[in-house]
Amino acid sequence: MRKAFIIAVFLISAVLCCIYLYMNSLTFKVQKVLQGKDCTVSAAVISGQKAWEINRKKVPLMSVFKHFIALKVFEKIEKEKLSIEDKIFVTDDMVIKNTHSPMLKIYTPPFEISVGTLLKYVVSESDNNACDILLSYIGGLSVLQDYLNSIGFGNIEISADEKMMEADFKTQYLNKAYPIDVIKLIKTAREGSIISENHKKFIDKIMIETITGSDKIKAGLPDNVVFGHKTGSSSRKPDGVKIADNDAGFVILPDGTTYYISALVTESKMSNSENAALIAEVSKIVYEHILNKKPVYKFIWQH
């Protein structure tokens, strides 16, 4: 009887311990805020050598894919011994007038503009015209896909430019990736050797200076952290559903701890502000979890 009692106590304790650990896990905390929302949120976190995912599936990237174009631009410059100060001549037929393009508020075709300035417009302000100009500069969509394949990120699928996505909303589904791969690539670019140290500093700077999406991941963070990111936002389908509302980037805490986070909202019936608030809430949960030195496990939960 005594042996049976000890076994029973051990099993109950083990179950209670598992329940406690799960209720304090990142998965449980994020799951709670996603319940009942008229959208799907796929998110991922990398902290140190540990990774976490929720709703693992390939989702539309929207303008997040512009970060990948920047990386290929750096690769081209380094390989061909060019410079971000080199100029590109932009003619009227190279731009779309009725698209998101802060650049056209400053420049009127024809004009010359440096590659570096175009990169700032692409990353910091998510300019659609600057995006397609640089995409042409690197050789087009197939060259970008080949580049991703060559650096080990063939799971990221790129087959539409901004002009295509502007013309037909269905093409906004073509550029897609797992959220974990997006931040793996951001991490690889920052910490690996696929671009030079100078270009690492440059892309960090323009990601930190990003002015889009201040109500998304950034809104869930305190002012004393460094945050660099790339956002993405789709149009809405005829039924009012938003295809995607995205944010992904890196967070550097005051003690130097760095983590990477992506939160991608898809098929949302909610408003833009509600999508952003949900991303901000996920961001806040992740930040507090990591701040409290709680582990990020390699764990996948399907919602």
J.: Does atom CD of Gln49 have more than 12 heavy-atom neighbours from other groups under 6.0 Å away?
T.: no
J.: How would you list, by chain and number, every residue that makes a ring-ring contact (aromatic ring centres under 6.0 Å, His included) with His100, sequence neighbours excluded?
T.: none
J.: Can you sort out the partners of Phe68 under ring-ring contact (aromatic ring centres under 6.0 Å, His included), two or more places apart, ordered by chain and number?
T.: none
J.: So, Asn129 side chain and Val95 main chain: donor-acceptor pair closer than 3.5 Å or not?
T.: no
J.: Taking the cut-offs as 6.0 angstrom to the six-membered ring centre and 45 degrees off its axis, would you call Lys76 and Tyr137 a cation-pi pair?
T.: yes
J.: Does Asp204 have any side-chain contact (heavy atoms from CB on, under 4.5 Å) partners at least two apart in sequence or in another chain, and if so, which?
T.: Arg190, Phe250
J.: Does a donor on one side chain sit under 3.5 Å from an acceptor on the other, for Ser114 and Glu85?
T.: no
J.: How would you list, by chain and number, every residue that makes a ring-ring contact (aromatic ring centres under 6.0 Å, His included) with Phe227, sequence neighbours excluded?
T.: His229
J.: Establish whether Leu134 and Leu141 are linked, either directly or via other cluster members, by ILVMFWY side-chain heavy-atom contacts under 4.5 Å.
T.: yes
J.: Output all residues satisfying side chain to side chain donor-acceptor pair (under 3.5 Å) with Ser63, sequence neighbours left out; order by chain, then residue number.
T.: Lys66, Ser126
J.: Could you list all the salt bridge (charged side-chain N to carboxylate O under 4.0 Å, His left out) pairs where at least one residue sits in residues 228-238, not counting sequence neighbours?
T.: Lys237-Glu267
J.: Looking only at the side chains, is there a donor atom on one of Lys37 and Ser268 sitting less than 3.5 Å from an acceptor on the other?
T.: no
J.: Please determine, by modelled atom types, if Asn292 and Glu288 share a side-chain donor-acceptor pair under 3.5 angstrom.
T.: no
J.: Could you tell me the separation between the CD1 atom of Ile46 and the CH2 atom of Trp52, rounded to the nearest 0.5 Å?
T.: 12.0 Å
